[in-house]
Protein chains: 2
Amino acid sequence: MLKYQHIADELENYIEEHKLQQGAKLPVLQDLMRQFNVSKSTVTKALELLEKKGVVFQVRGSGIFVRRHKRNGYISLLSNQGFKKMLEEFQLASKVIALDVRKPTKEAALNLNISIDDDVYYVKRIRFIHGQTLCLEESYFTKSIVTYLNKEIITESIFNYITEGLGLSIGFADTFLHVDKLTAEEAQYLELKEGDPKLYVESIFHLSNGQPFDFSKVTYNYVQSQFFIQAEL
Amino acid sequence: MLKYQHIADELENYIEEHKLQQGAKLPVLQDLMRQFNVSKSTVTKALELLEKKGVVFQVRGSGIFVRRHKRNGYISLLSNQGFKKMLEEFQLASKVIALDVRKPTKEAALNLNISIDDDVYYVKRIRFIHGQTLCLEESYFTKSIVTYLNKEIITESIFNYITEGLGLSIGFADTFLHVDKLTAEEAQYLELKEGDPKLYVESIFHLSNGQPFDFSKVTYNYVQSQFFIQAEL
DNA sequence: CAGTGGTCTAGACCACTAG
DNA sequence: TAGTGGTCTAGACCACTGA
């Protein structure tokens, strides 16, 4: 385990356990260096991680403080809060509608940077949150990378399987979103009415080496969809 | 000017000028160290900045590569791409509907962490993109921080004025969003129909020292609203 | 002006990739 | 196995905050 990762985890746990609120002051750098017996840069690296994650903010000349917003029930749009945490917190579940190997659409091939003759796994599923429909999801996985999928895997967390099971390292994602009206088919799956609002999200996920491996199109139920983003400016 | 900031700017310009595409390889760390005559950590810091900004990705054992998505016309939801760039690229304009000093609503006071007896600047404006209505925006600025505003300022970029004019340093923002249907009033302002879809975004902006100074509620025209997010996972 | 976080260095060693 | 980026150190110096 990386030292800075470990320090970040410890600090986050500490904040969680002691239920520290926005603005609570953490120990100064000197103390953290001594406490964990590491150099200044290592502590700094850990704090940068937490800052990116939206857990703390640092003020030069003053100290390190807890950052925590007041609202519950919002899903993080940047999945930097951890997959497992999300799954637990929101009791997500899935129902699989389709799973097969096929040729990609032109659109999918373009986004995955493959030929329309290459194979992809096609996954279509509905996701539920607290027992309500959350979204309708269609995904294309490059088969030469994600070599095997089955119904059991995709009912659980696909990404967890990709990292743990296949030993692949996920790097980054490009996500595009806009708002529109539900088509009849989407409305039926989400148990809403045609013409109701929807949030439509397309994402291209890449491995750490930059190779795209998943192109997904997700239509969210507007009633259930509350998102948040913590940004540094 | 910070060295790592300068290096990051230079590299970004280089990529822009040479129109490097996704996957293009940049010089290795050694070369960048020599080229800019700085230590390894400094180059690393510059590259971390660019990585966070979604400009490059690094692969251990392999190199540093350009990251660039293929879609145009999408607005970045994390304003980490720079305000000025956005304004230029999208030809944003504003029409002011209201500007006054008043007492905050309970909601605004709560989010700004002030008393309902404190003064706030209230701003209501419509923003246009390429001459079309983009959004309807209501903002509350803590008056003790943002001490002065006038119509001219808020017709241009408020944030630019806050940093340049008032010399304040903006730190981070918490943003909450969901999808809903337009009310009659919103529809009128946005030149759409009541019941049409909308993207509704609430943000709380904080100074670098953690103090909230702006609570804003924005309703986007669904036709014009295309957003993207570049995330690291 | 004491104390805090931010920048930067020089160098050791490690983990991974690709030929 | 040579070359690449990632981690970590110890320490100097700088910029900012708050009493």
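Protein chains get the first letters and strands the later ones, always in sequence-line order, with residue 1 at the start of each. When reading the values below, keep in mind they use all heavy atoms of this one structure, side chains included, and skip hydrogens, waters and symmetry mates.
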First encountered from the 5' end of DNA chain D, between B:Pro27 and A:Lys3
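The residue mapped nearer the 5' terminus is B:Pro27.
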Full working for side chain to side chain contact (heavy atoms under 4.5 Å, CB included) between A:Tyr121 and A:Tyr140:
CA-CA 6 Å; A:Tyr121 267 108; A:Tyr140 299 82; over 6 Å; no
Could you work out which one of D:dA10, D:dC8, C:dT4 sits closest to the side chain of A:Leu2?
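The answer is D:dC8.
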Tell me what B:Ile64 touches on the nucleic acid: a base, only sugar-phosphate, or nothing, going by heavy atoms under 4.0 Å.
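Since only primed, P, OP1 and OP2 atoms lie under 4.0 Å of B:Ile64, the category is sugar-phosphate.
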Atom-to-atom span, [atom1] of [X] to [atom2] of [N] - whole angstrom:
| X | N | atom1 | atom2 | result |
| --- | --- | --- | --- | --- |
| B:Phe57 | D:dG6 | CZ | C1' | 17 Å |
| B:Ile7 | C:dC8 | CD1 | P | 8 Å |
| B:Arg34 | C:dT9 | CZ | P | 15 Å |
| B:Met33 | C:dA10 | CE | C1' | 9 Å |
| B:Leu49 | C:dT7 | CG | C1' | 13 Å |
| B:Gln30 | D:dT4 | CD | C1' | 10 Å |
| B:Glu48 | D:dG5 | CD | C1' | 11 Å |
| A:Leu207 | C:dT17 | CG | P | 11 Å |

Run the salt bridge (charged side-chain N to carboxylate O under 4.0 Å, His left out) check on B:Lys53 and B:Glu12 step by step: do they pass?
CA-CA 10 Å; B:Lys53 212 170 162 183; B:Glu12 198 173 357; 2.9 Å; yes
May I ask you to verify if any side-chain N or O of [X] is less than 4.0 angstrom from the OP1 or OP2 atom of [N]?
| X | N | answer |
| --- | --- | --- |
| B:Lys45 | C:dT7 | yes |
| B:Tyr4 | C:dT7 | yes |
| A:Thr42 | D:dT9 | yes |
| B:Gln58 | D:dT4 | no |

Less than 6.0 angstrom from the centroid, inside 45 degrees of the normal: does A:Arg71 satisfy that with respect to the ring of A:Phe228?
no
Has A:Arg102 got its NZ or CZ under 6.0 Å from the middle of the six-membered ring of A:Tyr122, at an angle within 45 degrees of the ring axis?
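Relative to the ring axis of A:Tyr122, which defines the angle, A:Arg102 lies inside both limits.
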Mate of C:dG19 where both pairing distances stay under 3.5 Å, Watson-Crick or G-U:
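Across all strands, not a single nucleotide pairs with C:dG19.
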Between protein and nucleotides 13-19 of chain D, map the contacts as a letter string: B base, S sugar-phosphate only, - none, heavy atoms under 4.0 Å, written 5' to 3'.
--BBB--
Taking the six-membered ring for Trp, are A:Phe227 and A:Tyr220 parallel (under 30°), tilted (30 to 60°) or perpendicular (over 60°)?
perpendicular
Identify which one of B:Glu107, B:Glu137, B:Glu138 satisfies the side-chain hydrogen bond (donor to acceptor under 3.5 Å, both in side chains) criterion when paired with B:Lys217.
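So the option named by the test is B:Glu107.
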Check: A:Thr155 side chain, A:Lys151 main-chain N or O, donor-acceptor pair, under 3.5 Å
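Such a contact is found between A:Thr155 side chain and A:Lys151 backbone.
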